[in-house]
S.K.: 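Encoded as structure tokens, here's the structure I'll be asking about.
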2 protein chains.
Amino acid sequence: MKETLNANAQAVLEVVRSSHNHPTALEVYEAVRKVRPRIGVASVYRILHSLAQQGLIRELGRSDEACRYDGHIERHDHAICTACGALLDLPVEVRLSEEALRSAAQAAGIELHSHEVRLYGLCTACRQRLQQAESAEG
Amino acid sequence: MKETLNANAQAVLEVVRSSHNHPTALEVYEAVRKVRPRIGVASVYRILHSLAQQGLIRELGRSDEACRYDGHIERHDHAICTACGALLDLPVEVRLSEEALRSAAQAAGIELHSHEVRLYGLCTACRQRLQQAESAEG
DNA sequence: TAGTAGATTGATAATGATTATCATTATTAG
DNA sequence: CTAATAATGATAATCATTATCAATCTACTA
């Protein structure tokens, strides 16, 4: 894999770290261009994925593909597989206090309408798949 | 607006409600085609948005546009404006018990790596904007 | 130092999801 | 029945992202 960061990757990391909103890949591209004018979009995407994989930055939104629809409108929570992107309903509620929600919403300045807990991890299928791959190359 | 559901909308709603995974718009389209063969993609998208707006179904993922990146990798939570799609860091942690997380992850069958609380509502700007629009149309 | 295998890069084309356009069809009012 | 209006669907356009591939940059060797 890629262990050391070259100048392009450093610049991308710097941009993402120093921006206090959550920039899109294209926004990162525009910002990085100012300091590394020859970089291309493809490289920015490659580097962003690489940095996310190394845990140096985090990807938000886009659970990997298209928008998904849910027929169950009662509030409920989700589990998301970080490997295959599977989106599962949680059969149980992760309970959290009204008070904590209220104060968090106030701190962020939003009028709270609903909330959702997301659990990230590996689904059963991916866990097995990855374990096998690991032992095969190990 | 659209208060009553016509045959197409009924069919779309039925498909979304009866599917226990979380179908994408295209998957809904394919399923609806079987019962309403003349429907087009554009209508499916229109109907899905309309149903979501009426609160009959729910949209997941895709907070409206491109994937966003976050330079802060410490676990933290987010507030999302349902009107403009703004994605804000919560400055405070919404605390929830290890035990609740663990049992929820187990119930869903995933190996838990991380989690996130998402608060949905209106940001300050949109709150004001919508209030003004409301009072204007009376 | 020149030569070369292999990796990295970036320009560009391709893809996939979603949205806009617009002529056609259905619906309603008169 | 006819005109006005709204809804529909085929298709083109758009936007984010990914694949392709030739050009460039590294090591490393002779």
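Order of the sequence lines sets the chain letters (A, B, ...), proteins ahead of strands, with each chain counted from 1. Below, each value reflects all heavy atoms present in this structure, side chains not excepted, and no hydrogens, waters or symmetry copies.
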S.K.: So, does A:Y45 get its side chain near the phosphate of D:dT18, meaning an N or O under 4.0 Å from OP1 or OP2?
M.R.: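 No, because none of the side-chain N or O atoms of A:Y45 sits under 4.0 Å from OP1 or OP2 of D:dT18.
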
S.K.: What is the distance, to the nearest angstrom, from the CZ atom on A:R36 to the P atom on C:dA11?
M.R.: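 Computing the A:R36:CZ to C:dA11:P distance gives 13 Å.
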
S.K.: With nearest nucleotide decided by heavy atoms, which residue, B:Y69 or B:Y29, maps closer to the 5′ end of DNA chain D?
M.R.: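 Per heavy-atom nearest nucleotide, the more 5' residue is B:Y29.
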
S.K.: Measure CG/B:L48 against P/D:dT8 and give the value in whole Å, please.
M.R.: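 From B:L48 CG to D:dT8 P: 13 Å.
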
S.K.: For a quick test of reading the model: is some side-chain N or O of A:N6 closer than 4.0 Å to OP1 or OP2 of D:dC25?
M.R.: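 No, A:N6 has no side-chain N/O under 4.0 Å of OP1/OP2 on D:dC25.
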
S.K.: Please state whether the phosphate of C:dT9, meaning OP1 or OP2, lies under 4.0 angstrom from any side-chain nitrogen or oxygen of A:S43.
M.R.: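 A:S43 to C:dT9 OP1/OP2: no side-chain N or O under 4.0 Å.
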
S.K.: The side chain of A:A42 lies closest to which of these nucleotides: D:dT17, D:dG9, D:dA19?
M.R.: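 The closest nucleotide is D:dA19.
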
S.K.: What side-chain hydrogen bond (donor to acceptor under 3.5 Å, both in side chains) pairs are there with at least one residue in residues 97-112 of chain A, not counting sequence neighbours?
M.R.: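 side-chain hydrogen bond (donor to acceptor under 3.5 Å, both in side chains) check on residues 97-112 of chain A returns A:E111-A:H113.
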
S.K.: Quick check: closest heavy atoms across A:V117 and A:D77, and the distance to 0.1 Å?
M.R.: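 Smallest interatomic distance, heavy atoms only, reads N-OD1, 2.8 Å.
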
S.K.: Excluding sequence neighbours, so at least two apart, what forms side-chain contact (heavy atoms from CB on, under 4.5 Å) with B:E30?
M.R.: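 For B:E30, the residues satisfying side-chain contact (heavy atoms from CB on, under 4.5 Å) (neighbours in sequence not counted) are B:R33.
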
S.K.: Let me know the distance between CZ of A:R38 and P of C:dT9, rounded to the nearest Å.
M.R.: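 After rounding, the reported distance stands at 12 Å.
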
S.K.: At less than 4.0 Å, is any side-chain N or O atom of B:H49 found next to OP1 or OP2 of C:dT18? Yes or no.
M.R.: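 Looking at the OP1 and OP2 atoms of C:dT18, neither is under 4.0 Å from any side-chain N or O of B:H49.
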
S.K.: Distance check needed: D:dC25 C1' versus A:N8 CG, whole Å only.
M.R.: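 My rounded result for the distance is 12 Å.
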
S.K.: If we check side-chain contact (heavy atoms from CB on, under 4.5 Å) with A:L56, which of these qualifies: A:V16, A:L5, A:V12?
M.R.: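 Testing A:L56 for a side-chain contact (heavy atoms from CB on, under 4.5 Å) against A:V16, A:L5, A:V12 leaves exactly one candidate, A:L5.
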
S.K.: To the nearest Å, how far apart are B:I47 CD1 and D:dA6 P?
M.R.: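 Rounded to the whole Å, the gap is 18 Å.
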
S.K.: Report the distance from atom CD of A:E30 to atom P of D:dA16, rounded to the nearest whole Å.
M.R.: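 It is 11 Å, rounded to the nearest whole Å.
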
S.K.: Take the protein atom NE2 of B:H22 and the nucleotide atom C1' of C:dA17, then report the distance between them rounded to whole Å.
M.R.: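 The distance from NE2 of B:H22 to C1' of C:dA17 comes to 19 Å, rounded to the nearest Å.
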
S.K.: Any Lys/Arg nitrogen of B:R68 or A:E59 sitting under 4.0 Å from an Asp/Glu carboxylate oxygen of the other?
M.R.: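 Salt bridge between B:R68 and A:E59, a charged N being under 4.0 Å from a carboxylate O: no.
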
S.K.: Would you mind telling me which of C:dG10, D:dG9, C:dA17 lies closest to the side-chain atoms of B:L26?
M.R.: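 Within the option list, the nearest is C:dA17.
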
S.K.: Atom CZ of A:R46 to atom P of C:dA11: distance rounded to whole Å?
M.R.: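 Atom-to-atom, A:R46 to C:dA11, this comes out as 11 Å.
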
